[in-house]
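What you see is a predicted model; the values in this text were computed from it and never measured. Throughout, residue positions are numbered sequentially from 1 according to the sequence presented.
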Amino acid sequence: MGSNAAGRDVVNSVAQNIFMENGVVLPPEACGPITEVQAPAGLCNVPRTGLFVGRTDALDRLDTEFAAPGGVVVQAVHGLGGIGKSALAAQWAVHHHTGNPRWWITADSRAAVDSGLADLARALQPALAGLPGLPTPMLTERAVQWLTSHDDWLLVLDNVEQPDDIRPLLDRVATGRFLITTRRATGWHGLAAPVRLDVLSDEEATELFLRVLHHAGRSETDGSAELCAELGHLPLAVEQAAAYCAETGTAPRAYAEMLDSWPAEMFASTAEGGDSARTVARIWRLTLDRLADTPLAAEILRILAWYAPHGIPRALLDGLAPPPVLTRALGRLIAYSMVTDNGDGTLTVHRLVQALARTPDPDDPHRLADDVESARDRAATGLKKAFPSDIRSAETWLSYRTLMPHVEALGENVAIKDDSEATAGLFGKAGMVAGAQSGPTGRSEWCLRRAVIHFARQSGEEYPDLGRAGARMAAGDLIGAIPLLEKVTSHRIRSLGEDHPAALNLRTNQALAYAVKGDMDRAVQLFESVLSDRVRLVGESHPDTLKSRNNLAVAHLQAGDAARAIPLLESLLTDRMRELGEDHADTVSTLSNLGYAYLEAGDTDRAVPLLESAVAALTQMLGEDHPRTELAREDLLRARAG
């Protein structure tokens with residue numbers, strides 16, 4: 001591809017003047033216009049890819065995009081540090097691109113880009129390589145001149161930190177192919193077509209792990225797939241773990257156990273002779289170092305680390321900082337691929353990023369112990385606030401499905417002994433919500449157990465029986481804890497008085513405890529007593545009275561006495577429709593209970609329409625697969641069967 005002759009003479013003249021001013025005498029073969037130089041055959045400095053697996057879709061996309069005829073094509077492969085962007089670029093450059101030259105430039109700064117272009121100029125004209133003191137700007141200019149006058153070449157710009165570092169080069173070149181790798185997910189509009197790279201598939205990650213082991217002659221592979229899943233299928237983490245296992249003879253399951261017990265050490269470890277700068281811990285610390293001027297970004301990451309990896313509501317961060325400040329900090333994390341914005345009001349964070357962010361390390365300024373602990377409590381407080389105040393409202397039913405996976409993740413990531421007032425408060429609220437939505441299920445029980453255990457630990461001296469009850473509950477012995485809780489309840493009622501609201505709640509809990517034990521006679525008697533006192537103190541239609549009426553009716557059902565439950569539920573349904581509306585969770589629950597009561601009494605004609613309405617409402621509120629929906633559907637099928 002030719003260029004303007006006069007332009008070439010000017011460039012050549014300028015080059016000779018610069019060289020003369022620096023005392024350099026160019027050999028004749030280096031004095032001609034760079035635009036007429038032909039690249040040496042097979043000119044390539046692309047690093048070897050080593051072990052490479054999968055990525056078929058990404059490679060196919062690059063094939064398609066770079067096959068576009070004419071002009072310049074620029075693709076920016078972006079993703080989390082350690083995701084394998086450079087490996088993909090090297091694989092494509094070596095095995096898919098056939099042009100000449102194929103030149104690799106580390107492009108993490110403008111100076112690095114200029115240095116890489118200068119090296120290209122020397123490679124294009126080997127006579128320049130033996131000349132000391134040649135100014136980098138001159139060599140850079142010669143390389144750019146060559147690129148502008150030729151096509152069918154590939155320039156890989158690896159690890160671009162700032163789009164502006166390469167913008168001057170891209171603005172000048174109208175032909176050829178640029179393949180960019182970067183952690184930056186944003187900032188490429190009008191400059192490059194972004195290609196997002198995700199983690200490996202289950203099969204690909206396991207294949208990569210096994211290749212490293214087999215290459216080292218190791219045969220212990222049991223647990224490899226499970227370990228790769230624990231590592232989130234991140235290529236760098238998989239290679240790091242595999243190399244460690246191969247070097248030390250550690251079995252995959254043993255590595256997973258060490259990762260669970262000593263995460264900080266394992267994230268930073270590498271095999272003998274490995275690149276200590278290419279560990280998971282080091283890679284992500286460098287990314288956060290880039291964000292040091294926005295300290296809120298690291299704080300956000302530490303908070304998000306305690307939730308489930310997917311579907312994190314952005315609203316959980318509300319109140320952390322003024323909206324413009326919060327948006328900017330979160331935007332920077334998204335820009336550097338540490339967090340993914342799902343476009344639906346939720347965020348995703350790689351599970352290994354989360355594990356690292358919540359693992360204290362005194363040598364990492366982004367993971368100091370006090371900061372990690374503070375983030376844990378902020379995460380718990382944010383979740384607790386996100387639940388609506390009315391735990392039985394339709395809004396709560398929807399929030400429950402969204403928030404409970406994050407409550408469970410926080411519970412899994414915080415040891416019981418490390419529970420704080422913030423985490424225990426969250427578990428108490430979540431347990432009440434879970435119980436209101438699904439009844440006394442395993443989910444509600446473990447949440448409430450965590451809350452009670454913490455309270456017992458904090459007030460064990462004042463209420464030693466509560467402390468012992470908490471120990472029983474921690475061991476999973478809910479039935480064994482009930483007698484101890486009875487003693488605490490009796491003591492509190494004596495000190496507060498029978499009519500105190502808290503005493504009424506304690507008596508209700510005591511009745512529920514009897515029901516759990518199967519002592520329905522005592523449960524019914526106590527529910528009747530509480531109901532009588534509530535009617536006397538606050539009236540028939542008070543929300544607390546409505547709950548007591550429901551408790552008594554359900555107790556009769558549990559005792560097998562549908563005849564006594566039906567009139568209570570009929571009047572309760574009428575009052576709840578009037579006071580709460582037909583879409584309220586309590587109304588729907590009463591509808592379902594009444595349908596079940598008719599079914600138990602053998603009155604299927606009345607049971608069917610009520611259960612049909614209950615199933616429709618529960619499906620809309622909770623979904624088809626929710627246990628309460630499935631239970632109501634089973635009752636409906638029984639009723640229809642007669």
Side-chain angles (χ1 to χ4, degrees), residues 387-388 390-405 430-445 447 512 515-516 518 520 523 527 543 546-642:
F387 283 107
D390 183 355
I391 65 173
R392 302 285 295 178
S393 68
E395 180 186 2
T396 307
W397 290 58
L398 298 175
S399 299
Y400 172 75
R401 284 186 286 176
T402 300
L403 299 177
M404 278 307 294
M432 289 188 290
V433 173
Q437 307 308 313
S438 305
T441 62
R443 179 179 269 180
S444 64
E445 285 182 6
C447 284
L512 291 170
V516 170
M520 296 310 303
F527 278 134
L546 296 179
K547 291 177 183 177
S548 291
R549 291 164 61 187
N550 177 76
N551 290 337
L552 178 58
V554 171
H556 284 312
L557 281 176
Q558 286 182 275
D561 193 348
R564 295 184 66 184
I566 286 174
L568 291 172
L569 290 169
E570 287 176 335
S571 62
L572 180 61
L573 180 61
T574 299
D575 290 346
R576 278 185 162 171
M577 291 278 284
R578 183 185 66 251
E579 298 293 330
L580 304 176
E582 62 181 17
D583 292 332
H584 194 278
D586 289 346
T587 305
V588 176
S589 177
T590 306
L591 189 71
S592 178
N593 288 337
L594 181 55
Y596 173 75
Y598 282 133
L599 175 61
E600 290 298 294
D603 191 347
T604 56
D605 289 340
R606 291 188 179 184
V608 168
L610 291 173
L611 290 171
E612 286 177 340
S613 298
V615 169
L618 289 168
T619 300
Q620 182 176 4
M621 291 180 177
L622 298 177
E624 293 185 356
D625 298 331
H626 192 277
R628 293 193 68 174
T629 308
E630 292 179 347
L631 184 61
R633 189 182 298 112
E634 290 174 4
D635 291 340
L636 176 58
L637 292 175
R638 286 176 52 210
R640 285 173 173 170

Verdict with supporting geometry, Phe527 and Met520, side chain to side chain contact (heavy atoms under 4.5 Å, CB included): CA-CA 10 Å; Phe527 278 134; Met520 296 310 303; over 6 Å; no
List the steps, then state whether side chain to side chain contact (heavy atoms under 4.5 Å, CB included) holds for Ser571 with Arg549. CA-CA 9 Å; Ser571 62; Arg549 291 164 61 187; 3.2 Å; yes
Kindly write out the residues that satisfy side-chain hydrogen bond (donor to acceptor under 3.5 Å, both in side chains) with [X], not counting sequence neighbours, or none if the list is empty.
X	answer
Asp561	none
Ser592	none
Thr619	none
Arg633	none

Could you give the distance from [atom1] ([X]) to [atom2] ([Y]), rounded to the nearest 0.5 Å?
X	Y	atom1	atom2	result
Met577	Thr574	CE	OG1	8.0 Å
Ser613	Leu618	OG	CG	10.5 Å
Asp575	Thr587	CG	OG1	10.5 Å
Leu568	Leu557	CG	CG	9.5 Å

Identify the two heavy atoms, one from Val588 and one from Glu582, that lie closest to each other, and give their separation to 0.1 Å.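 Scanning both residues, the minimum pair turns out to be CG2-O, 3.7 Å.
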Considering all heavy atoms, the nearest Ala632-Leu611 contact: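 Nearest pair, atom of Ala632 first, then Leu611: O-CD2, 4.5 Å.
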Backbone N/O of Glu624 and side chain of Thr629: donor-acceptor pair under 3.5 Å: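 Looks like no, no N/O pair under 3.5 Å.
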Got a list of side-chain donor-acceptor pairs under 3.5 Å for residues 598-607, not counting sequence neighbours?
residue : atom : partner : partner atom : Å
Tyr598  : OH   : Glu570  : OE2          : 2.2
Glu600  : OE2  : Arg638  : NH2          : 3.1
Asp603  : OD1  : Arg606  : N            : 3.4

Suppose we screen for side chain to side chain contact (heavy atoms under 4.5 Å, CB included). Which residues come up paired with Thr590, at least two apart in sequence or across chains?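 Testing Thr590 for side chain to side chain contact (heavy atoms under 4.5 Å, CB included), a comparison that skips the adjacent residues, returns Asn550, Leu569, Leu572, Leu573, Arg576.
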